[in-house]
Amino acid sequence: MEVFSLLLLISFILYLFWRTGRRSKQFPPGPRPLPLIGNLLQFDMRNPLKDFDKLAQKYGPIFSLHMGGTLFVFVHGFPLVKEVLVTRGTEFAGRPQNPVIEVITKRKGIISVPYGQVWKEQRRFSLMVLRNFGLGKRSVEERILDEATVLMQSFEENMREPFDPFCFIDNAVTNIISNFLFGKRFGYDDHSLRNILDLVHQNMKLAAGLWAQLYNAVPLVRGLPLPHQTILNNAVKVMAFFSKELEEHKATLVSGEHRDYIDAYLEEMQKPENKGSSFEEEGLFIILSDLFIAGSETTSSTLLWALLYMMTFPEVQEKCQAELDAVLGNNSDIKYEDRDKLPYTNAVIHEIQRFANVVPLGVAHAPIKDMQLWGYTIPKEASVITNLISVHRDQSQWKYPYEFNPSNFLNEKGEFVKSEAFLAFSAGPRGCLGVSLARMELFLFFTSILRKFKLVWPDGSKVPDLTASYGITLSPPAFKMAIKCRRQT
Ligand code: HEM
């Protein structure tokens, strides 16, 4: 009997080796996978973006990799990415399984929820609350401008020496989303928020790294005390932070008076028609985490890149400042609607996003059933990765694909021109839920900073390092900047 069991075990292992060490011709082409781990160790997981480009050059705009038993399909370039996100957006609006993330989210919330009724309900509700955000005493615009004033004051207090703007920008941006979610802001020296943000940033790196991929690809390693456990431990601490906010809200909720997202959601949960629906407390937890994480690091990294590029390309900075001065004069407050009168500045903000590629690979999609794409079969359980950088570098779409050049968004008359190939927020049914808020934040923070300060590299500082640190987001390296006041107020 023991011999029989042993033979059975060996046959099973051999079967696994055989199954995971071959690729089907129906799937998009790609390198031969190794048994069990697939293509996992065949590229540099510290930053695989260059490897993905090389694979696209070798196999074409659609290729596939195996991570353990899971098929990853990569789509490159504007036409194919547009097909997945927009033209056939609903067919590819699913989310693949991602075991390490699922331990945390249990496929609830918004970002990792599969396509279907629950996702529609939760997305629609969150969009509705986001639209009404600021209908109360202060508009969203005023709240952002209030925060920008505090940010300017902090810059001014620190300007005697070159300083690292990271914490100030990170906290300012997080205060906007936390105002929306919890109805409050945190002081820039508040350690409770800093600690949480540090955990979130660490997880954004780890979740795209080797250990997370290993956890997903090889179930046997999941219980082992390896670095992937950090992701789970960090998530527990972040959830405890939300739990405190939630308990405080439950204790002080006044029916019909929504201070913020949590209040609106708690009221929605209590509606008789929502009994047994997807509006429940665990889901709320995950949405808080989704919106907090998606709404903070993305926007703060974009603004940090903005500061870096303005110091690196001083002529662009000066042109923005000249336009802002000419259109707004010295005294008037800036408003979001001024964007239409500021084509150059608007083009610069778009170019910062195009060039920085803060979410380089978007969020993985999945077909809602087995699908054909470019003549290949894409099974329902595959991860479809839309390479947004490849769209932002697509030579058929941009005048200067590899240069930082605001002319990418300007016509000969100097007017701002939109481009369908601008996909910093992705597009289609699963496109960024916070795009309107993020655009307003980027515009108001960026213009407030440039109107008030001239940004320069500190004397004697080294050649700027523009190498991004890879994770789910591409964040800039730590840097110091020197600032000079351009105007009072
Ligand atoms: C999804 C980019 C700010 C909430 C996404 C996606 C991208 C993105 C590329 C993936 C879409 C896809 O699956 O194809 C950005 C950038 C931002 C930003 C570059 C800032 C500069 C925000 C903000 C919020 C937010 C402020 C919250 C208020 C979300 C959510 C999703 C998402 C909830 C998932 C949507 C879904 O699965 O239906 N974002 N985002 N984002 N974003 Fe943003």
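Counting convention: from 1, in listed order, for ligands and their atoms alike.
Listed by atom number, the atoms of ligand 1 under 4.0 Å from S426 heavy atoms are 9 (C), 11 (C), 12 (C), 14 (O). Atoms of ligand 1 found under 4.0 Å from any heavy atom of I110 (numbered from 1 in listed order, with element): 36 (C), 37 (O), 38 (O). With ligand atoms numbered from 1 in the order given, ligand 1 contributes 2 (C), 9 (C), 19 (C) to contacts under 4.0 Å with heavy atoms of A424. For ligand 1, the atoms lying closer than 4.0 Å to a non-hydrogen atom of V359 are 2 (C), 9 (C).
The aromatic rings of F155 and F453 lie tilted to each other, with the angle between the two planes from 30° to 60°.
Centroid-to-centroid, the aromatic rings of F182 and H249 stay 6.0 Å apart or farther. The aromatic ring centres of F422 and H350 sit less than 6.0 Å apart. Proximity of the aromatic rings of Y59 and F74 is defined here by a centroid distance below 6.0 angstrom, and this criterion is not met. Close placement of the W305 and Y309 rings is indicated, their centers lying within 6.0 Å of each other.
The cationic group of R393 does not satisfy the cation-pi geometry with W398, failing either the under 6.0 Å distance to the six-membered ring centre or the 45° limit from the ring axis.
Given atom 21 (C) of ligand 1, the protein heavy atom at minimum distance is T302 OG1, 3.6 Å.
No part of F180 comes within 4.0 Å of ligand 1, judged by heavy-atom distances.
Assignment of H365 to the shell around ligand 1 is supported, since a heavy atom sits closer than 4.0 Å.
For atom 8 (C) of ligand 1, the nearest non-hydrogen atom from the set C432, S300, S296, S436 belongs to C432.
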